[in-house]
Q: 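My questions all concern the structure below.
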Amino acid sequence: MIDILLTVQLAVLCCCAYNVGRLFVHILKVPAITGYILTGIICGPHNMALIGSDPERLGDLKRIEQGCLSIIGLAAGCELIMKELKSQGKAITFTVLSILPCVAGVLGVVTTNLVPTTEIFQKFSANEVKAICLMMSTILLARSPASAIAVVKESNAEGAFTKLCVCASIVLDTCVVSLFAININFAKLIVDGVQMTPSVMMQPFVKLALSAMVGYVLYHFLTVVIMKPAKIPPLQKFLLRAVGTYVSGAFVFLASDTLRGMDSYGRIDPLLCCVACGAFFSNASPPKEEFVALVDETLPWTNIPFFTLVGCSLSFKGLGGVLPLVFTLFAGRLVALLVGAWAGAHLAGLPSDYHHFRWMGFVTQAGVAIGLCKQISLEFPYWGKAVHAVCVSCILVNLLLGPVCFKWILQRVGEVTETDVINFVAGPGLPQWPAGTPKHLPSSRTTGSPKHMQTEINVMEMQE
């Protein structure tokens, strides 16, 4: 049951978080979700306790949080547009296949060596430590296409490099969500000490297929029921559709919680279901642009309670001992991104002008990564909260540094056009696009780029 008083307190706190987020965007020039998280940390039960002094009561708001997470999943899926990805197929493929193993390998080495010696993890068994290493390495693989697109919109950037970074980020996040659905099953098997038989090894892949099927069912339900044409005022139509989509996504998470006690072959990954559903919408024939626009408009509003609750759930007391682990993970990830992005560009045959700076387009982490952290804390209550705190600390550093790095490299390659457009991560109610500008930026823009980047475009045209 949802606690009414706690919900009212959350609503008031979200109003405060919204205004803090706007200040962060306009004054500090960092994403609004950073302001939401910090508001939650300061006003949460571990500090000022403006939302109650008992952290366990936050569990009563789980359904609200899951509904918000479903919108994040739908938004991630809506960015997966196959026609756009095919235009740079070779470059994207080599970039993804280079970055994933490099980052996973480095994070695996770091976690394997440092997690067992970190005080907060020493109370867990050997099998639990193995599962912790596996899941931390998986979560920190995630990127943030939404943040990348926000920087591109703010900078009014266009060109081959911009398009490659955004499209590769979308594919990377899709791969990570799928990999997470597989690895979380393996983590459960490791913790339970189950022997790896062929039947057991097949369970994660069955879960993957079932999640995609549920996503397809959700796609049809939203198309037939929620997005059904109706002759009502636009605002009323938007509110009904937004609430219907939110409730439908929350129901998928509720169904997943209900199925959790069943045989492993009957389980689904709710976040992957929502990502698959969003992908079906963005690749439908004809494209369901109305739904994609609905998700785009709803996401900034659902980000406020989601990231505020993430902040409320964080407690940094006693985490001083994990700072070496956090910063080693952060530094190791940057080095792995540098090597992976350089190798991908080299293998794809792209011009070598900016090989050593390409990693800057893949630093940021945000909604999906934090959503995966949240799933870990729900799936593994005993050790999941410790993993959640460490990973979110690392994600916050990447969230602050990533947009700055990406904007710098876009300026360096000459694909930025001066503009007064305000970053859409500022939150709801603020200007996002100049009139007439297409929503799905980099591919829907007309091709045009600085002369010194024309060589790279010619190479990609030859590859197509």
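Note that these values count all heavy atoms, side chains included, but never hydrogens, waters or copies made by symmetry. Values in this document were obtained by computation on a predicted structure and should not be read as measured data.
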Q: Got a second to check how far Y18's OH is from T308's OG1, nearest 0.5 Å?
A: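 It is 13.0 Å, given to the nearest 0.5 Å.
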
Q: Would you find more than 12 non-hydrogen atoms of other residues, nucleotides or ligands less than 6.0 Å from F238 atom CZ?
A: yes

Q: Check whether any side-chain heavy atom of L347 lies under 4.5 Å from a side-chain heavy atom of S98, and answer yes or no.
A: yes

Q: Okay, side chain of E128, backbone of W383: is any donor-acceptor separation there less than 3.5 Å?
A: no

Q: Do you know the tightest heavy-atom contact between N113 and T117?
A: O-OG1, 3.7 Å

Q: Within this structure, what is the CD-SG distance for the pair Q9 and C14, rounded to the nearest 0.5 Å?
A: 12.0 Å

Q: Using a 4.5 Å cut-off on heavy atoms from C-beta on, say whether the side chain of L271 contacts that of V252.
A: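 Side chain of V252 against side chain of L271, heavy atoms only: no contact under 4.5 Å found.
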
Q: What's the separation between atom CZ in F362 and atom CZ in R333, rounded to the nearest 0.5 Å?
A: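 The CZ atom of F362 sits 11.0 Å away from the CZ atom of R333.
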
Q: How close do S248 and L218 get, heavy atom to heavy atom, and via which atoms?
A: CB-CD1, 4.0 Å

Q: For R358, run the side chain to side chain contact (heavy atoms under 4.5 Å, CB included) check against T95, L164, I409, L337 and tell me which one passes.
A: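 Only one of T95, L164, I409, L337 forms a side chain to side chain contact (heavy atoms under 4.5 Å, CB included) with R358, namely L164.
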
Q: Evaluate side-chain contact (heavy atoms from CB on, under 4.5 Å) for F180 paired with L141, printing each intermediate quantity in order.
A: CA-CA 10 Å; F180 179 86; L141 283 172; over 6 Å; no

Q: Nearest heavy-atom pair of I64 and Y246: which atoms, and what distance?
A: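 Where I64 meets Y246 most closely, the heavy atoms are O-OH, 2.7 Å.
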
Q: Determine whether F291 and T245 satisfy the following criterion, side-chain contact (heavy atoms from CB on, under 4.5 Å), listing intermediate values before the conclusion.
A: CA-CA 10 Å; F291 179 80; T245 302; 4.0 Å; yes

Q: After noting the C-alpha distance and the side-chain angles of N303 and C68, does the key distance pass the side-chain contact (heavy atoms from CB on, under 4.5 Å) rule?
A: CA-CA 7 Å; N303 276 346; C68 297; over 6 Å; no

Q: Kindly indicate whether the side chain of I184, heavy atoms from C-beta on, has any atom under 4.5 Å from the side chain of L134.
A: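 Counting from C-beta outward, I184 and L134 never come under 4.5 Å.
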
Q: Would you say that S393 contacts V322 through its side chain, given a criterion of any heavy-atom pair below 4.5 Å between the two side chains?
A: no

Q: Got a second to check how far K237's NZ is from I232's CD1, nearest 0.5 Å?
A: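 Reported to 0.5 Å precision, the distance equals 6.5 Å.
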
Q: Apply side-chain contact (heavy atoms from CB on, under 4.5 Å) to the pair I41 and C312, showing each step before the final yes or no.
A: CA-CA 5 Å; I41 292 172; C312 289; over 6 Å; no

Q: Using side-chain heavy atoms (C-beta onward) and a distance below 4.5 Å, is Y382 in contact with V191?
A: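 Y382 vs V191: side chains apart.
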
Q: Run through N398, V397, L107 and flag the one making a side chain to side chain contact (heavy atoms under 4.5 Å, CB included) with L329.
A: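 Of all the options given, the one that passes is L107.
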
Q: Just by distance, do the side chain of Y219 and the backbone of A276 share a donor-acceptor pair under 3.5 Å?
A: no

Q: Got a second to check how far I370's CD1 is from L396's CG, nearest 0.5 Å?
A: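 Rounded to the nearest 0.5 Å, the CD1-CG separation comes out at 6.0 Å.
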
Q: Within the distance-only criterion (no hydrogens, no angle test), does the side chain of R143 pair as donor or acceptor with the backbone N or O of I170 below 3.5 angstrom?
A: no

Q: Do L410 and F161 touch side chain to side chain, with heavy atoms closer than 4.5 Å?
A: yes

Q: Distance from L399 atom CG to F307 atom CZ, nearest 0.5 Å?
A: 8.0 Å

Q: Is the backbone of K374 close enough, under 3.5 Å, to the side chain of S377 for a donor and an acceptor to pair up by distance?
A: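 The answer is yes, because a donor-acceptor pair under 3.5 Å joins these two groups.
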
Q: Would a distance-only check, ignoring hydrogens and angles, find a side-chain to backbone donor-acceptor pair under 3.5 Å from E297 to L294?
A: no

Q: Can you confirm whether Q66 sits close enough to P270 that some side-chain heavy atom of one is under 4.5 Å from a side-chain heavy atom of the other?
A: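 Contact flag for Q66/P270 side chains = no.
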
Q: Looking only at the aromatic ring of each residue, does the gap between the centers of Y36 and F306 stay below 6.0 angstrom?
A: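 Not close enough - the centres of the two rings lie 6.0 Å or further apart.
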
Q: Take atom OH in Y216; do more than 12 heavy atoms of anything else shown fall under 6.0 Å from it?
A: no

Q: Between N183 and T138, is the side chain to side chain donor-acceptor pair (under 3.5 Å) condition met? List the steps.
A: CA-CA 8 Å; N183 285 349; T138 305; 2.9 Å; yes

Q: Would you call H388 and I376 a side-chain contact if the rule is heavy atoms closer than 4.5 Å?
A: no

Q: Which atoms form the tightest heavy-atom contact between A181 and L208, and what is the distance?
A: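 The pair with the smallest heavy-atom distance is CB-CD1, 3.9 Å.
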
Q: Looking at every heavy atom in both P101 and V96, which two are closest together, and how far apart are they?
A: CD-O, 4.2 Å

Q: Minimum heavy-atom separation for A187 and F380, please, with both atom names.
A: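 Heavy atoms of A187 and F380 come nearest at CB-CZ, 3.9 Å.
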
Q: Tell me if the NE2 atom of H346 is crowded by more than 12 foreign heavy atoms within 6.0 Å.
A: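 Check fails, neighbour count at 12 or below.
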
Q: Between the main-chain N or O of L140 and the side-chain N or O of Q365, is there a donor-acceptor pair closer than 3.5 Å?
A: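 Confirmed, Q365 side chain pairs with L140 backbone.
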
